[in-house]
Amino acid sequence: MSMSLARKTTLVLLGAAGCSLVCVSASCAAWSAPARVASSRVWEYSRPLVATDRAGDGVLLWHREERLNETLGGIEASTRTKGSFSAAVVLASGRSAGAAFEPQLAMGARGQAIVVWQNTNKIQVASSRLEGFGRARTLSGPVEGNAGPRVALDARGDVTVVYPRSATGLWVFTRRAGGRWRALPPLAGTSRSDISEPQVARDGRGETILAWVRGDSGGGGGLKVQAVVLGVNRPERPPQTLFSSKNRSIGELHLAVNERGNAVLLWRQKAKGGPAVIEDATRRAGARFGPPLTAVREKEAGELSVALDARGFAVLLFTRI
């Protein structure tokens with residue numbers, strides 16, 4: 001699996017009076033003029049997410065914060081069909097059900113979208129076709145741990161949601177296309193641990209790949225990067241430890257998987273006073289992850305992102321401070 005490195009730049013636009021969410025789209029020739037999707041005198045719109053299907057239709061998702069302390073935070077979305085965006089719809093409102101935050105979005109090839117978020121005391125999910133979203137459903141409660149839920153959707157419409165609980169470990173919720181949600185037993189080897197940065201992805205072979213950073217809740221056990229593959233017709237494999245350290249920080253975990261089942265997992269590890277080291281572990285379809293390799297060693301390397309194409313070519317992006 002080849003790897004290409006690139007620098008990433010970010011552009012931040014700040015506004016004072018009111019807040020707008022603006023979207024631009026691109027053709028082969030150039031970017032279009034910005035189109036206003038939502039505008040209101042709220043405190044802030046933030047964390048916008050976008051996903052598209054094979055036809056080019058898609059969903060925009062964002063967090064709406066009405067107060068600085070997020071006590072009235074909500075989740076809103078807009079669908080795009082035939083080149084235009086729908087009016088914003090409210091999926092979760094802090095005024096009626098408590099603050100909602102940590103939105104995540106996944107979209108299938110045929111226009112199905114899944115949104116999951118963390119409420120004040122529960123994990124909720126809503127699904128849609130391009131004609132609109134259905135009513136939100138509650139998957140779990142009460143909320144525990146220091147990380148929000150994550151979601152993955154494959155080409156068949158099967159869905160996986162993962163959510164860490166500090167006492168019982170990593171919970172996995174699944175739903176087959178057209179079926180009902182069901183909760184799997186907590187993942188073996190994750191109980192009584194501090195699970196952070198959970199990652200989940202599904203491939204075209206029906207496998208689900210999970211990864212996370214694990215810390216010993218008792219302290220002194222250090223941090224670990226772990227991953228597991230949930231097979232279709234075989235038992236779950238025990239979690240695989242890809243990196244472990246008692247004196248290094250670990251963060252910025254990112255997982256990318258293509259339809260064939262090839263995968264790349266990235267993270268940043270850093271000793272106090274030392275350089276930041278970006279490491280990656282790769283997986284071929286049907287196999288476990290190989291040993292990690294050092295991709296980048298920088299004095300200060302910030303946010304990471306990774307993409308993987310159908311041939312297994314990966315691109316890593318990071319900020320250099």
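Of the candidates K224, R214, Q226, T241 forms a side chain to side chain donor-acceptor pair (under 3.5 Å) with just one, namely Q226. The residue from E76, E65, H63 that alone fulfils the side-chain contact (heavy atoms from CB on, under 4.5 Å) condition with Y45 is E76.
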* **Trace of the side-chain hydrogen bond (donor to acceptor under 3.5 Å, both in side chains) decision for W267 with E279** => CA-CA 6 Å; W267 64 90; E279 297 190 319; 3.3 Å; yes
* Would W212 and V228 satisfy side-chain contact (heavy atoms from CB on, under 4.5 Å), going step by step from the backbone distance to the final call? -> CA-CA 9 Å; W212 60 88; V228 69; 3.8 Å; yes
* Asked: Passes side-chain hydrogen bond (donor to acceptor under 3.5 Å, both in side chains), D158 versus T160? Steps please.
  -> CA-CA 7 Å; D158 298 340; T160 300; over 6 Å; no
* To do: Could you check L139 against V161 for side-chain contact (heavy atoms from CB on, under 4.5 Å), going step by step and ending with a plain yes or no?
  => CA-CA 9 Å; L139 292 183; V161 172; 4.1 Å; yes
* To do: Apply the test side-chain contact (heavy atoms from CB on, under 4.5 Å) to residues V159 and F173: give CA-CA distance (whole Å), side-chain angles for both, the deciding distance (0.1 Å), then the verdict.
  => CA-CA 8 Å; V159 191; F173 303 89; over 6 Å; no
* To do: Give the intermediate values and the outcome of side-chain contact (heavy atoms from CB on, under 4.5 Å) for residues L230 and L210.
  => CA-CA 8 Å; L230 307 185; L210 307 175; 4.0 Å; yes
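To the nearest 0.5 Å, atom CD of residue E298 and atom NZ of residue K270 are 12.0 Å apart. Here CG of L61 is found 12.0 Å from CE of M107. Values are rounded to the nearest 0.5 Å. Summarising the geometry, atom CZ belonging to F243 is positioned 12.0 Å from atom CG belonging to L253; distances are rounded to the nearest 0.5 Å. Of the inter-residue distances, the one linking T208 atom OG1 with L184 atom CG reads 9.0 Å to the nearest 0.5 angstrom. Within the model, atoms CG of L105 and CZ of R47 stand 14.0 Å from one another, a figure rounded to the nearest 0.5 Å. Considering CG of L255 and CG of L266, their distance stands at 9.0 Å, rounded to 0.5 Å.
Within the 4.5 Å cutoff, the side chain of T52 has no heavy atoms near those of the D57 side chain. At a threshold of 4.5 Å between non-hydrogen side-chain atoms, the residues L316 and D280 do not count as touching. Proximity of N262 to T282: side-chain heavy atoms (C-beta onward) are nowhere separated by under 4.5 Å. At a threshold of 4.5 Å between non-hydrogen side-chain atoms, the residues L308 and F313 do not count as touching. Contact of the Q240 side chain with the L242 side chain is registered, since non-hydrogen atoms from C-beta on lie closer than 4.5 Å. Side-chain atoms of D309 and N258, non-hydrogen and from C-beta on, never get closer than 4.5 Å to each other. Looking at heavy atoms from C-beta onward, T79 lies in side-chain contact with F133 at the 4.5 angstrom threshold. Taking 4.5 Å as the limit, every side-chain heavy atom of V306 sits out of range of all side-chain heavy atoms of L317.
Between E207 and R202 there is no salt bridge, since none of the side-chain N atoms of the basic residue sits less than 4.0 Å from a carboxylate O of the acidic one. R150 has no carboxylate O lying under 4.0 Å from a charged side-chain N of E197, or vice versa, which leaves the two without a salt bridge.
Between R54 and A155, the closest heavy-atom pair is NH2-CB, 4.5 Å. Heavy-atom minimum distance, S78 versus F85: OG-CB, 3.5 Å. Across every non-hydrogen atom of P198 and P164, the tightest pair is CG-CD, 4.0 Å.
R176 places no side-chain N or O within 3.5 Å of a backbone atom of R156 that could act as its donor or acceptor partner. Between the side chain of E252 and the main chain of L304, a donor-acceptor pair closer than 3.5 Å is present. Proximity of a side-chain donor or acceptor of T138 to a complementary backbone N or O of Q124 within less than 3.5 Å is not detected. Listed for the S127 side chain is no donor-acceptor partner under 3.5 Å among the backbone atoms of I114. Within the 3.5 Å criterion, the main-chain N or O of R64 finds no donor-acceptor partner in the side chain of E44. Proximity of a side-chain donor or acceptor of N119 to a complementary backbone N or O of K122 within less than 3.5 Å is not detected. Between the side chain of R268 and the backbone N or O of A301 there is at least one donor-acceptor pair closer than 3.5 Å.
In the hydrophobic clustering of ILVMFWY residues, with side-chain heavy atoms under 4.5 Å counting as a link, V115 and V90 come out apart. In terms of hydrophobic clustering, with Ile, Leu, Val, Met, Phe, Trp and Tyr side chains grouped at heavy-atom distances under 4.5 Å, V277 and V296 are assigned to different clusters.
No more than 12 heavy-atom neighbours from other residues, nucleotides or ligands sit within 6.0 angstrom of CZ on R137.
No side-chain donor-acceptor contact under 3.5 Å links S196 and D194.
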